[in-house]
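Structure first, then comments.
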Amino acid sequence: MITRISPVFAIVLLLAAAAEDSTPPSALDIFRLLPVTIFENTPEGISEGEKQTLIENSRTGLWRLIPVDSDELRVESRPDADSSVTVRLFHGRGMTVAAEGAQTRDTCALELWVHDDRHRLTPYPLPPDPLLRDFFGPDNHPPAGLDHSIRICLAADVLRAYPLFTGPGGPTAVSLDNAVFFRWTGGGFEKAVLPLAALQRGEQPGTDAEPPRNAP
């Protein structure tokens with residue numbers, strides 16, 4: 001016996017399938033797809049098998065998974081949370097960008113991924129390094145005789161750039177005037193410079209994250 005499906009019912013099924021397919025992925029959905037490479041920046045590390053156990057049981061011998069909301073989850077090392085990995089989703093025009101940030105006592109690392117409508121992840125480019133002078137006010141200047149590098153970290157709902165200075169004796173603290181962020185605009189990350197004094201008063205663009213220990 002052949003069951004005929006009415007055209008109206010077929011359209012309803014197609015619309016339901018399309019709606020389900022267009023539902024934005026959650027942070028946990030993305031975490032399932034992400035490789036474990038970001039964990040290589042932590043002392044603990046993680047294997048694919050341990051990650052699967054973490055997703056199923058919310059904890060392993062070394063890690064615990066803490067859902068924050070549909071757009072964010074956090075993985076903390078056990079027992080002291082000395083290391084953490086955070087997945088934060090940024091939704092835009094026809095795409096979702098996932099920022100995956102690792103934070104330890106000494107450093108941070110960041111990976112960006114874009115999720116397409118076929119549920120695939122591909123690398124998304126990090127913002128270009130800001131100019132060194134972005135971190136200094138008009139009456140202050142970058143120090144001479146020091147090497148520097150820029151590290152971009154995940155800081156709540158923004159990305160934050162940190163300059164790291166090195167002199168003959170190793171890492172060197174330098175007084176800065178500004179914080180440099182990258183805010184999501186719906187189509188990409190846009191640089192924003194905020195005086196540190198304004199940041200300390202609680203002004204935007206976002207909640208500050210603890211900097212790496214060797215950052216100024």
Shortest non-hydrogen contact from P125 toward L112
O-CD1, 3.6 Å

Do R59 and R78 make a side-chain contact, defined as non-hydrogen atoms from C-beta onward lying under 4.5 Å apart?
yes

Carefully, step by step, assess L176 and F165 under the rule side chain to side chain contact (heavy atoms under 4.5 Å, CB included).
CA-CA 11 Å; L176 304 176; F165 296 92; 4.2 Å; yes

Do H115 and I30 pass the side chain to side chain contact (heavy atoms under 4.5 Å, CB included) test, and can you show the C-alpha distance, the side-chain angles, and the key distance before you say yes or no?
CA-CA 8 Å; H115 178 267; I30 296 295; 3.6 Å; yes

Exam field: side chain D69 to backbone D71, donor-acceptor pair closer than 3.5 Å
yes

Are Y124 and E111 close enough, and set up right, to give a side chain to side chain contact (heavy atoms under 4.5 Å, CB included), and what steps lead you there?
CA-CA 8 Å; Y124 189 83; E111 293 179 359; over 6 Å; no

Between H91 and V97, does the side chain to side chain contact (heavy atoms under 4.5 Å, CB included) criterion hold? Intermediate values first, please.
CA-CA 6 Å; H91 301 289; V97 171; over 6 Å; no

Should I150 and L194 be counted in the same cluster of Ile, Leu, Val, Met, Phe, Trp and Tyr side chains packed under 4.5 Å apart?
yes

Is the W184 to F189 ring centre distance short of 6.0 Å?
yes

Can you find a heavy atom in the side chain of V114 that is under 4.5 Å from one in the side chain of T96?
no

If two hydrophobic side chains count as joined below 4.5 Å and joins carry through other members, does L34 share a cluster with L65?
yes

For a quick check under 3.5 Å, do R105 and S83 share a side-chain donor-acceptor pair by atom type?
no

Can you find a heavy atom in the side chain of C108 that is under 4.5 Å from one in the side chain of R151?
yes

I would like to know whether R74 and E72 meet salt bridge (charged side-chain N to carboxylate O under 4.0 Å, His left out); could you show each step before the answer?
CA-CA 7 Å; R74 185 176 175 87; E72 184 176 346; over 6 Å; no

My understanding is that only residues two or more places apart in sequence, or in another chain, count here; which of them pass side chain to side chain contact (heavy atoms under 4.5 Å, CB included) with A197?
R201

Any chance the side chains of S84 and E76 put a donor and an acceptor closer than 3.5 Å?
no

Got a donor-acceptor contact below 3.5 angstrom from the T107 side chain to the Q103 backbone?
no

Hey, could you give me each pair passing salt bridge (Lys or Arg N to Asp or Glu O under 4.0 Å) that has a residue in residues 128-147? Not counting sequence neighbours.
D134-K191

Could you check whether the rings of W63 and F39 sit parallel, tilted or perpendicular, using 30° and 60° as the cut-offs?
perpendicular

Sub-4.5 Å side-chain heavy-atom contact between L159 and L154
yes

Find out whether L199 and F181 are in side-chain contact, i.e. whether some heavy atom of one side chain is under 4.5 Å from a heavy atom of the other.
yes

Measuring only between side-chain heavy atoms, which start at C-beta, is L73 closer than 4.5 Å to V68?
no

With sequence neighbours left out, what residues match F136 under ring pair (Phe, Tyr, Trp, His ring centres under 6.0 Å)?
none

In terms of hydrophobic clusters joined by side-chain contacts under 4.5 Å, are L33 and V85 together?
yes

Min side-chain heavy-atom separation V158-F182 under 4.5 Å
no

L89 to S70 - nearest heavy-atom pair and separation
CD1-O, 4.1 Å

Donor-acceptor pair between E48 and Q52 side chains, under 3.5 angstrom
no

Is L126 linked to F90 within one hydrophobic cluster, defined over Ile, Leu, Val, Met, Phe, Trp and Tyr using a side-chain heavy-atom separation of less than 4.5 Å?
yes

I'd like to know if the side chain of S77 reaches the main chain of D82, judged simply by a donor and an acceptor atom lying under 3.5 Å from each other, with no hydrogens or angles considered.
yes

Using modelled atom types only, decide if a donor and an acceptor are shared between the side chain of N57 and the backbone of L54 within a distance under 3.5 Å.
no

When you compare the side chain of R32 with that of I55, does any pair of heavy atoms fall below 4.5 Å?
yes

Are I46 and L28 co-members of a hydrophobic cluster defined by side-chain heavy atoms under 4.5 Å apart?
yes

